[in-house]
2 protein chains.
Amino acid sequence: MDHDEQAVQLSQKSSAREHTKPCQTSPHRTHCQDCSLAALCLPSFDDNGTATKIVKRSRPFKRGEYLYRQGDEFSCVFAVCSGALKTFGLSDNGEELITGFHLPSELVGLSGMGCNIYPVSALALEETLVCRIPLKQLDEQPLQLPHLRRRLMRCMSRELRDNQQMRLLLSKKNADERIAAFLIDLSARFRSRDLPANQFRLPMSRNEIGSYLGLAVETVSRVFTRFQQMRLIASEGKEVHILAPLELSTLAGWHLEGSPI
Amino acid sequence: MDHDEQAVQLSQKSSAREHTKPCQTSPHRTHCQDCSLAALCLPSFDDNGTATKIVKRSRPFKRGEYLYRQGDEFSCVFAVCSGALKTFGLSDNGEELITGFHLPSELVGLSGMGCNIYPVSALALEETLVCRIPLKQLDEQPLQLPHLRRRLMRCMSRELRDNQQMRLLLSKKNADERIAAFLIDLSARFRSRDLPANQFRLPMSRNEIGSYLGLAVETVSRVFTRFQQMRLIASEGKEVHILAPLELSTLAGWHLEGSPI
DNA sequence: CGAGTAATTGAGAGCGCTCAAACACGGTGG
DNA sequence: CCACCGTGTTTGAGCGCTCTCAATTACTCG
């Protein structure tokens, strides 16, 4: 498989220097220039020359591997380079509850920043490469990188808004609207990194979609088939074609402006 | 009314100096020492003597007044000194969707930090005093106050966790569990600032509770009466007595440890 | 090829929403 | 002081969406 090969290849020469040049292009892979942390990896003199290469590419994570587990001591925030992750906690009755999916160029682990432990687990949905930001260390040093700090603030703030968006979805929208919003959101995230926005492979299972959207698996499945009957999408397994983006956006209740709130 | 008098009183002498001594005690009022921003208002020499009195107490807001409106340019984060606020956005069909209630010692406006506008509106539910942190200015200056930054990070991170908690609630819990969780959460927040935890006045209407919890007003009302029949609470209007905190916590699914995720 | 997991489809039931009406409360004006 | 209105709250009846349970089919991987 494409991902596997590249991952192995990268792992064999995963020096920090490797990170200063663009990653290879492939589905679900972004360039370092697009990375929200580029300023910290790529040569940067913004911070009065104090900026060093802080962010290190970590080893590849295999499907099903944990980046960290709920309750682990907080140490790093991760930026996804390629692949996909989910973050999830365990509810009272022990079943997992997915709090987010993370695609390339997005940050994982921010919610652990304020406390000493990760409040959720993070697990690779497929072969995944991440960059590691040793935030714990940074926080303890008096050295304060303004650009990093501001960037992290932005990311947390964005995550806050996304979360509120999700609360809107969970409290007011029915199953059709939730799935539509989910697909449109994914589409927008792919588009934002110049990947095909109307044709992609879902990195997660129907079960995980349901857990994320607060729906039963069966409901997710039913909505998918209904959307196909309505010619809104074509899907085969995890492959999804969005046939009618406008109608789907309308159905989602978000009239194309991405994030309303 | 108690609040009104005090508020007027304070507005007449609302100098920055006023903030360096404890606020008057009253229901729903906290001391400045308890405030999460005390380090910035009260004399502090942690930041190499650079810390100045940055946070200013603003004029009192009357019930129904806006601190800021959705779409306003982002400028400040607010710390609630007394009273209560709600933050809310407008959904597609125009109805308001409440994203949070904010009691004394809590911060409001963090979600606007990363972007240039406030993504939600903030409105006073009763006579409310807040302190104003001109974060926009701070962010533009090279001056970086480590303690402030870290504190804000903590707050945002905490808000992220709370949001995930809410998502759990919205996606998995039924009406009884939601209301129980809501009451227990409020109770804990009152307790954390040494106010009576099992007897308090709800600053929000049933309608607002419903909007916050993703329930219809009628359902909220029904659950309240059911809880009274079960002798879990006693309530008259907005006054609430929690008669069986343990049972209520169990019903909420949070077995007393506050925030599970 | 076979076992285990994931996905799909069907039937039935329950929870919460919607609609509707009655009631309580607070403020206003006569 | 009371009538009045608006808003907020409570209670009831019925329906619809989604969950649950169950069975079948389709993948994935050893």
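When only modelled atom types and interatomic distance are considered, H102(A) and T87(A) share a side-chain donor-acceptor pair under 3.5 Å.
The CG atom of L248(B) lies 4.0 Å from the CD1 atom of I184(B); values are rounded to the nearest 0.5 Å.
Side-chain N or O atoms of S211(B) include none that pairs as donor or acceptor with a backbone N or O of N207(B) at under 3.5 Å. With hydrogens and angles ignored, the 3.5 Å screen pairs no side-chain donor or acceptor of Y68(B) with any backbone N or O of I117(B).
Partner E106(A) forms a salt bridge (Lys or Arg N to Asp or Glu O under 4.0 Å) with one of R158(A), K86(A), R193(A) and no other, that one being R193(A).
The local environment of CZ in R69(A) is sparse, with at most 12 non-hydrogen atoms from other residues, nucleotides or ligands closer than 6.0 Å. Crowding of R63(A) atom CZ: a count of heavy atoms from other residues, nucleotides or ligands under 6.0 Å not exceeding 12.
A salt bridge links E65(B) and R59(B); the closest N-O separation between the charged side-chain nitrogens and carboxylate oxygens is under 4.0 Å.
Of all heavy-atom pairs between R189(B) and F101(B), the closest is NH2-O, 2.7 Å. In terms of heavy atoms, V108(A) sits closest to V80(A) at CG2-CG2, 3.8 Å. For C81(B) against P104(B), the heavy-atom pair with the smallest separation is O-CB, 3.4 Å.
Contacts between residues 234-244 of chain A and DNA chain D, counted as heavy-atom distances below 4.0 Å, involve no residue at all.
Each end of the helix from dC1(C)-dG30(D) to dG30(C)-dC1(D) gets its own axis from five base pairs, and the two axes differ in direction by 40°, given to 10 degrees.
Out of dA6(C), dC17(C), dC19(C), the shortest distance to the side chain of L215(B) is found at dC17(C).
As a whole-Å value, the separation of Q228(A) CD from dT8(C) C1' is 11 Å. As rounded to whole Å, 7 Å separates atom C1' of dA7(C) from atom CZ of R206(A). Between the P atom of dG10(C) and the CZ atom of R226(A) lies a distance of 12 Å, rounded to the nearest Å. As rounded to whole Å, 19 Å separates atom P of dG4(C) from atom CG of N207(A). The nearest whole Å value for the distance from the CG atom in L202(A) to the P atom in dA7(C) is 10 Å.
Counting non-hydrogen atoms under 4.0 angstrom, G210(B) reaches nothing in the nucleic acid. Counting non-hydrogen atoms under 4.0 angstrom, S221(B) reaches a base of the nucleic acid.
Both R63(B) and A216(A) sit near DNA chain D, but only R63(B) has its closest nucleotide nearer the 5' end.
Along DNA chain D, the stretch of nucleotides lying under 4.0 Å from any heavy atom of chain B spans, 5' to 3', dT9(D) to dA13(D).
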